[in-house]
2 protein chains.
Amino acid sequence: MSPRTADDKMSGESSTTADRARAAAGDRVIDAVLTASRLLVAVSARSLNEVEDSLTLPQFRALVVLASRGPLRLTHLAEHLAVNPSTAMRMAERLASAGMIDRSPNPENRRESIATLTEAGREVVEQVTTRRRDEITAIVERMPADHLDRLVEALESFSAAGGEPSAGYDPIPLGWQ
Amino acid sequence: MSPRTADDKMSGESSTTADRARAAAGDRVIDAVLTASRLLVAVSARSLNEVEDSLTLPQFRALVVLASRGPLRLTHLAEHLAVNPSTAMRMAERLASAGMIDRSPNPENRRESIATLTEAGREVVEQVTTRRRDEITAIVERMPADHLDRLVEALESFSAAGGEPSAGYDPIPLGWQ
DNA sequence: CACTTTGTTTGCATAATGCAAATCATGCCC
DNA sequence: GGGCATGATTTGCATTATGCAAACAAAGTG
């Protein structure tokens, strides 16, 4: 928002140049990550469709969250998916009627109900994950080996700088809306 | 698709180990890129909301495509967004009634109608882009400088290996959904 | 028991999506 | 020139995803 401040007027051209340099770096990075993201998205979508084309991507994300975090209250599921509780609720209904999850009230606390992955749900997640991992592996195999470590290192550094908690095996960005 | 071929049976354990190594590499990469993607998605969504919270992310993606490719036929817009023509059509309607784009029939060829960014649309894209670039720049500034080049290099290598056409300034993956 | 807190569910409204069928404007071929 | 294949847009239909706000329900508190 404010690449040009009062300071700029003092330092003149050099500051402007530095700004431009950083901006260019930002553009390059954003381009690179965006492209890589697209690739990953494409891979994920393809993997999902090959295994189960009746599930939508948001639904699959929900399954993945349940697979990695274990049974969750609807509220927490909603939080992990970064959606409104009502959205999570209705998604849960659909997933339940598709046999992918179970939704039973917690006996301890009858006001909350817990979503659990069914065996079918677990299998879908596993198959899609395997499929996806295979595709990624195939891509990675085509990369120069020495780029691999750098890639991971650089990406982690980037994420750390952005304050994003490292994502064990969480969602799939797909949510990009 | 075929990490295990007939050859595997000949080389025995070593091949299994290699497979595991590659798979692990794949997992690390996917984790890293996924995390970075999430960060980028978050940044994009935030930037968009700060500038214009009445636009949805898909709509904004459409504007970005128009900004980078220039006026497009609806069919082509749909292709660039990787959605069905009917989806693009209705999105175009909404964007038009929001004053972000113009939709006029091509005088040359009246069967096609062309979507053009309006001044308002261009401004939104520019503001959001600036905002986003600033945020990315801020993150990049916190990275060790020597990681930057590697990051770009490694990511490009990854995308190239996956056969993803380098994305000048295209969409935002958000579509993961 | 009245009041608050917390989690779930419903109502209401809008967007995004895909598929298939209906139009519409061209271009081309007898 | 009339009829047909083609390509592009538009409509109809159905489903999902979303958010917000209000209604509910189960605990917990004073």
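Proteins get letters first, then strands, A, B, ... in listed order; numbering begins at 1 in each.
Between the side chain of B:R111 and the base of C:dG27, no donor-acceptor pair under 3.5 Å is found. Between the side chain of A:R110 and the base of D:dG28, no donor-acceptor pair under 3.5 Å is found. Donor-acceptor pairing under 3.5 Å, judged by distance alone, is present between the side chain of B:R90 and the base of D:dG12.
If you measure from atom CG of A:L81 to atom P of D:dG19, you get 10 Å, rounded to the nearest angstrom. Between the C1' atom of C:dT9 and the CD atom of A:E112 lies a distance of 15 Å, rounded to the nearest Å. Between the CD atom of A:E93 and the C1' atom of C:dT9 there is a distance of 8 Å, given to the nearest Å. Put simply, CD on B:E108 is 11 Å from P on C:dG27, counting in whole angstrom units. The distance between atom CG of B:L77 and atom P of C:dT17, rounded to the nearest whole Å, is 11 Å. To the nearest angstrom, C1' of D:dG7 lies 13 Å from CE of B:M89. Between B:L63 atom CG and C:dA16 atom C1' the separation is 15 Å, expressed in whole Å. Between the CG atom of A:L48 and the C1' atom of C:dT17 there is a distance of 15 Å, rounded to whole Å.
When distances are taken from the side chain of B:M91 to each of C:dT17, D:dA17, C:dT9, the shortest belongs to C:dT17.
The side chain of A:N109 places an N or O atom within less than 4.0 Å of a non-bridging phosphate oxygen (OP1 or OP2) of D:dA27. In this model, the phosphate group of D:dT18 is not approached by any side-chain N or O of A:N84 to a distance below 4.0 Å at OP1 or OP2. Note on A:R103: a side-chain N or O is less than 4.0 Å away from OP1 or OP2 of C:dT9. The side chain of B:T87 contributes an N or O atom lying less than 4.0 Å from OP1 or OP2 of C:dG18. Contact annotation: A:T56 reaches the phosphate of D:dA17 (side-chain N/O to OP1 or OP2, under 4.0 Å).
When heavy atoms are screened at a 4.0 angstrom cut-off, B:R73 is found touching the sugar-phosphate backbone but no base atom. B:S86 comes within 4.0 angstrom of a base, heavy atoms only.
By the neighbour-count criterion of 12 heavy atoms within 6.0 Å, atom CD of B:E126 is sparsely surrounded, having that number or fewer from other residues, nucleotides or ligands. Residue B:E50 qualifies as enclosed at atom CD: its count of foreign heavy atoms under 6.0 Å is above 12.
Checking side-chain atoms of B:T137 against main-chain N and O of B:R133 turns up a donor-acceptor pair under 3.5 Å. B:Q59 contributes a side-chain N or O that, together with a main-chain N or O of B:T56, makes up a donor-acceptor pair within less than 3.5 Å.
The two atoms that bring A:I101 and A:T118 nearest to each other are C-CG2, 3.5 Å, heavy atoms only.
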